[in-house]
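For the single chain, residues carry numbers from 1 onward in sequence order. Note that the structure is predicted; figures quoted are calculated from it, not measured.
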Amino acid sequence: MKISEELAEILGFLCAEGCYVNTKSTYWQYYKNRNKKYLIKNKPQRRIEFGNTNKILLDYFKKLLEIEFDYSPNIGKDRIRICKGAIVDSIISHTDIGHLKWHVPSKVRKGSQKVKKVFIRGFFEGDGTISNRIRFFSTNLKGLEQISEMLTELKIQNKLNGPSIKVNRKPLYEIYIYQSMRETFLNKIKPLTKRPEHARVSLN
């Protein structure tokens, strides 16, 4: 079964800026019909969060969820929480979520060029930078190696560098897009917000 472009991009965003929460909580809950509070013990709580301070990206991510899952969560100040169990299960069936846990899903790696492009775009919006150079950063070497391979398949020449070691920090790895590939990258990946101002695309 093929993966949709919307789901591929959702997964790209989450591999960069997502976290999976699986915990239990104890709290008092008021039931209006009984006019009484009850202690709820060890209630399982599972959710996926996409965190970002860019309102444009939060709106865009919500739109992808609406298209793919017919799901419209509230947007918080700096995150969107996915609390519906079936959607959480669907997402984590493709990849673990977490800085050191994620990988490029096999259906993305085996997917069409468009599927690969939108996954890379989602990831780049979270963990990429563009100034004089276009770069991706992650502490996840295996994941970056997979993205580097996809970029090469898309004929975007790149180099994987690292690790960069800093005190009390995890080793950091970098994908560097060759300067000669700058326009090729922008034209193929079409970043949403991390672009030169004159080359921004509409999110409508």
Side-chain angles (χ1 to χ4, degrees), residues 3-23 45-85 87-105 108 114-131 133-140 143-144 146-147 150-151 169-170 172-177 185-186 188-197 199-204:
I3 190 171
S4 70
E5 293 171 14
E6 288 79 15
L7 181 53
E9 193 162 10
I10 287 169
L11 294 171
F13 276 114
L14 290 175
C15 285
E17 300 277 47
C19 71
Y20 172 54
V21 179
N22 186 1
T23 187
Q45 289 192 338
R46 297 169 63 246
R47 66 182 183 272
I48 290 173
E49 297 185 358
F50 169 64
N52 201 288
T53 57
N54 189 323
K55 181 66 163 54
I56 294 174
L57 290 181
L58 291 174
D59 287 338
Y60 183 77
F61 186 79
K62 179 178 178 177
K63 183 177 179 181
L64 291 174
L65 291 174
E66 290 172 345
I67 295 171
E68 179 64 23
F69 296 111
D70 192 24
Y71 179 65
S72 184
N74 294 326
I75 299 178
K77 182 179 179 181
D78 61 354
R79 69 191 58 242
I80 289 177
R81 291 181 173 90
I82 302 170
C83 300
K84 191 171 181 179
I87 299 175
V88 171
D89 290 339
S90 175
I91 289 170
I92 64 176
S93 72
H94 293 282
T95 179
D96 292 325
I97 303 296
H99 294 301
L100 293 174
K101 297 179 180 179
W102 67 269
H103 63 272
V104 180
V108 171
K114 181 63 175 177
V115 161
K116 293 174 183 176
K117 288 175 183 177
V118 295
F119 178 91
I120 291 170
R121 179 168 71 186
F123 187 85
F124 180 72
E125 287 292 338
D127 280 348
T129 64
I130 179 170
S131 53
R133 298 180 178 182
I134 296 176
R135 296 181 292 180
F136 298 73
F137 296 96
S138 180
T139 54
N140 187 328
L144 273 196
Q146 293 171 335
I147 289 181
M150 289 199 302
L151 287 165
R169 298 281 186 89
K170 294 182 178 68
L172 186 66
Y173 300 89
E174 168 200 82
I175 291 176
Y176 166 64
I177 305 298
F185 177 87
L186 293 174
K188 289 189 175 183
I189 304 304
K190 294 182 170 58
L192 302 168
T193 64
K194 293 183 177 179
R195 296 174 62 90
E197 187 66 32
R200 299 261 171 107
V201 296
S202 171
L203 302 188
N204 297 326

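Note: I189 CD1 to I120 CD1 = 4.5 Å, rounded to the nearest 0.5 Å. Taking CD1 of I175 as the reference point, atom CZ of F137 lies at 10.5 Å (rounded to 0.5 Å). Here CD of Q45 is found 7.0 Å from OG1 of T23. Values are rounded to the nearest 0.5 Å. The structure places CG of N54 at 9.0 Å from CG of D59, a figure rounded to the nearest 0.5 Å. One finds the OG1 atom of T95 at 8.0 Å from the CH2 atom of W102 (value rounded to the nearest 0.5 Å).
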**OP:** Tell me, with the steps shown, if I177 and F136 meet side chain to side chain contact (heavy atoms under 4.5 Å, CB included).
**Re:** CA-CA 9 Å; I177 305 298; F136 298 73; 4.1 Å; yes
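A donor-acceptor pair under 3.5 Å is absent between the side-chain atoms of K62 and the main chain of I75, judged by distance alone. No donor-acceptor pair closer than 3.5 Å links the side chain of R81 to the backbone N or O of R47. Judged by distance alone, the side chain of T53 and the main-chain N or O of D78 form no donor-acceptor pair under 3.5 Å. In this structure, E125 contributes its side chain and L192 its backbone to a donor-acceptor pair below 3.5 Å.
When each of F123, F50, F119 is tested with F13 by the rule ring-ring contact (aromatic ring centres under 6.0 Å, His included), just one qualifies, namely F50. Checking E9, E6, K63 one by one against E68, the side-chain contact (heavy atoms from CB on, under 4.5 Å) holds for a single residue, E6.
There is a side-chain donor-acceptor pair under 3.5 Å between E66 and S72.
Across K117 and K188, no two heavy atoms sit closer than the pair CD-O, 3.3 Å.
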